[in-house]
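Chain letters run A, B, ... following the sequence lines, proteins first, then strands; residues in each count from 1.
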Amino acid sequence: MTIRSSSTEFPRAIMHVDGDSFFVSCEIARRPGLRGKPVVTGLERGIASAMSPEAKKAGIHRGMRIGDMRRVCPNVVILPSDYTMYAQYARRMYSIVRKYTDVVEEYSIDECFADLTHSPLATTATGACSYEEIARQIQADLFDSLGITFSLGLSVNKVMAKVASKWNKPNGFTVIGRSSIPDYLKALPVGKIWGIGSSTTMYLKKLGIETTLDLATKDHSWIDDHCDLPVARIYEELRGNKVLELSTDGHDDYASVQRTQTFRPPSGDREFCWSQLSQHVEDACIYLRKDMRTATKVSFFLKTQDFEYLGEEVSLPDATAEPQELLRAVRPRFDVLFVPRLQYRATGITLHGLRSRKIRTVSLFGDSAHLEKASGVTRAIDRLAEKFGRGVVFLGSSLRALRHDAREDARLHAGHGRIRMSTEQRKHFDVIYLGEVR
DNA sequence: TCTGGGGTCCTAGGACCC
DNA sequence: TCTGGGGTCCTAGGACCC
């Protein structure tokens with residue numbers, strides 16, 4: 001029995017797990033025939049989002065366009081993203097890590113944090129494993145079970161675990177005990193740290209801070225005088241303390257729902273833009289109703305060709321997940337904000353102030369009779385959607401947006417024999433018209 | 001990377017109240 | 001009627017993440 005992880009080196013043992021080229025890895029795991037080939041996902045956007053190592057070697061990088069990819073790598077396989085499948089792999093990843101500890105934060109579709117400090121394997125009276133041994137077991141288990149490699153980082157808190165997992169990719173394994181932290185921060189540009197973006201990087205640069213160690217070796221009073229709370233927390237973690245907790249709630253208690261879409265070409269057509277918003281509201285409402293939730297606020301925006309945003313937030317008289325209610329509240333504001341001569345490239349909506357439907361109340365001033373009527377129609381829509389798929393039935397106000405989508409899909413997929421339109425996309429043509437919402 | 005879609009958290013400042 | 005101090009709540013907007 002060896003216990004190499006002393007409690008001074010690891011007051012807490014926090015691990016970060018990061019999927020290597022996750023989307024592409026999932027595709028290859030499902031279709032092993034793709035292994036060894038240059039594979040890219042992101043067809044639906046027309047740009048590369050994840051690349052296999054072979055694709056990277058061929059010179060393909062994130063954001064590269066389809067035409068350029070084919071030019072530098074004629075045999076590249078370009079796949080549309082299948083988020084549903086990736087989410088399934090993510091859930092399996094979480095459950096594998098949970099075999100080793102209860103404290104797991106599901107951070108994103110291809111990442112999680114885990115606290116190994118109280119892992120049963122570490123605390124067994126006889127034959128306890130070191131944290132490093134446990135982490136190695138987890139890495140092997142993930143690969144054996146999923147056929148996907150993950151890069152693991154083990155350190156004393158979340159920020160340093162992130163540094164560790166990123167240190168050596170793919171299939172990396174990096175352990176950073178408390179005393180070796182400075183070795184890793186010495187040459188690491190401060191902008192590489194999780195939570196420090198371009199804006200903070202520029203700000204810190206003006207103050208003479210270039211490397212992460214420059215920041216970590218400032219004294220507390222300097223941090224108090226020059227930095228906001230998020231940076232102060234990162235600073236603490238860079239010094240080996242643990243201030244960021246793992247959030248183990250899972251991700252089902254989301255605080256907002258957003259739907260946005262960029263369309264090409266840009267449009268100056270008021271009703272077209274409105275139909276886009278209408279479609280987004282419908283989508284977001286379906287999502288909310290599935291979870292028995294309602295919203296009390298909706299914000300919307302129009303993005304102009306010059307990437308200017310016009311938008312605002314509207315409070316609702318009653319918490320609702322009825323698209324017609326939301327659209328009725330938004331329409332007057334939309335009409336005020338919409339500037340006719342401008343060209344728009346995207347619209348979006350966010351529903352927030354979410355409530356559980358159980359505590360939904362109807363205010364004295366809300367039109368409750370109307371709400372009830374809408375609920376009946378919406379319930380019928382949900383039943384049809386459940387039976388025949390989403391997009392079978394939708395509001396008349398969304399019609400133009402859906403037609404535009406269908407054309408866009410046809411355009412995108414033309415010339416790629418492998419890619420067929422999904423059943424869901426084809427169903428957009430089977431319209432039950434419910435009338436205008438204005 | 002001239003810019004896709006879906007999120008979270010923090011902060012400053014105004015409104016309102018005592 | 002004016003003034004001061006302090007608290008809470010809300011909103012807009014920024015910054016960051018994958």
Watson-Crick and G-U pairing of DNA chain C, under 3.5 Å, as dot-bracket with | and [ ]: ....||||||||||||||
A:R98/A:E106 salt bridge by N-O under 4.0 Å criterion: yes
Salt-bridge criterion met for A:E271 and A:R331 (N-O under 4.0 Å): yes
Partners passing ring pair (Phe, Tyr, Trp, His ring centres under 6.0 Å) against A:F300 (at least two apart in sequence or in another chain): none
Side chain proximity check, [X] to [Y], heavy atoms < 4.5 angstrom:
X      : Y      : result
A:L326 : A:L316 : yes
A:I138 : A:D141 : no
A:T41  : A:Y86  : yes
A:T350 : A:F301 : no

Spacing of [X] atom [atom1] relative to [N] atom [atom2], expressed in whole Å:
X      : N      : atom1 : atom2 : value
A:K166 : C:dC18 : NZ    : C1'   : 11 Å
A:D306 : B:dT3  : CG    : C1'   : 13 Å
A:M51  : B:dT1  : CE    : C1'   : 12 Å
A:H61  : B:dT1  : NE2   : P     : 9 Å
A:H280 : B:dG7  : NE2   : P     : 13 Å
A:I109 : B:dT8  : CD1   : P     : 15 Å
A:H16  : C:dC17 : NE2   : C1'   : 11 Å
A:L244 : B:dT8  : CG    : P     : 17 Å

Mind checking [X] for me? I need base, sugar-phosphate or nothing, with any heavy atom below 4.0 Å counting as a touch.
X      : result
A:T200 : sugar-phosphate
A:I193 : sugar-phosphate
A:S198 : sugar-phosphate
A:I196 : sugar-phosphate

Geometric cation-pi criterion, A:R91 with A:Y94: 6.0 Å, 45°: no
Contacts under 3.5 Å, N or O only, protein and nucleotides 10-14 of chain C:
from	atom 1	to	atom 2	distance (Å)
C:dT11	OP2	A:K297	NZ	3.2

Set of side chain to side chain contact (heavy atoms under 4.5 Å, CB included) partners for A:D20, sequence neighbours left out: A:T149, A:S151, A:K169, A:P170, A:N171
A:R62 versus A:S49, closest heavy-atom pair with distance: NH1-O, 3.0 Å
Syn/anti label of C:dC2 as read from its glycosidic torsion, with the cut at 90° from 0: anti
More than 12 heavy atoms of other groups within 6.0 Å of A:R30 CZ: yes
Residue A:Y107, side-chain atoms from C-beta onward, closest of C:dC17, B:dT8, B:dT3: C:dC17
A:F272 and A:Y344 aromatic centres sub-6.0 Å: no
Can you tabulate the close N/O pairs, meaning under 3.5 Å, that link protein atoms to atoms of nucleotides 4-6 of chain B?
from	atom 1	to	atom 2	distance (Å)
B:dG4	OP2	A:R345	NH1	3.4
B:dG4	O4'	A:R45	NH1	3.3
B:dG5	OP1	A:T262	N	3.0
B:dG5	OP2	A:T262	N	3.1
B:dG5	OP2	A:T262	OG1	2.7
B:dG6	OP2	A:T260	N	2.5
B:dG6	OP2	A:T260	O	3.3
B:dG6	OP2	A:T260	OG1	3.1

Parallel, tilted or perpendicular: rings of A:F10 and A:Y131 (30°, 60°): perpendicular
Sorted by number, the residues of residues 212-241 of chain A with heavy-atom contact under 4.0 Å to DNA chain B: A:L229, A:P230, A:R233
Check: A:H16/A:E105 side-chain N/O donor and acceptor closer than 3.5 Å: no
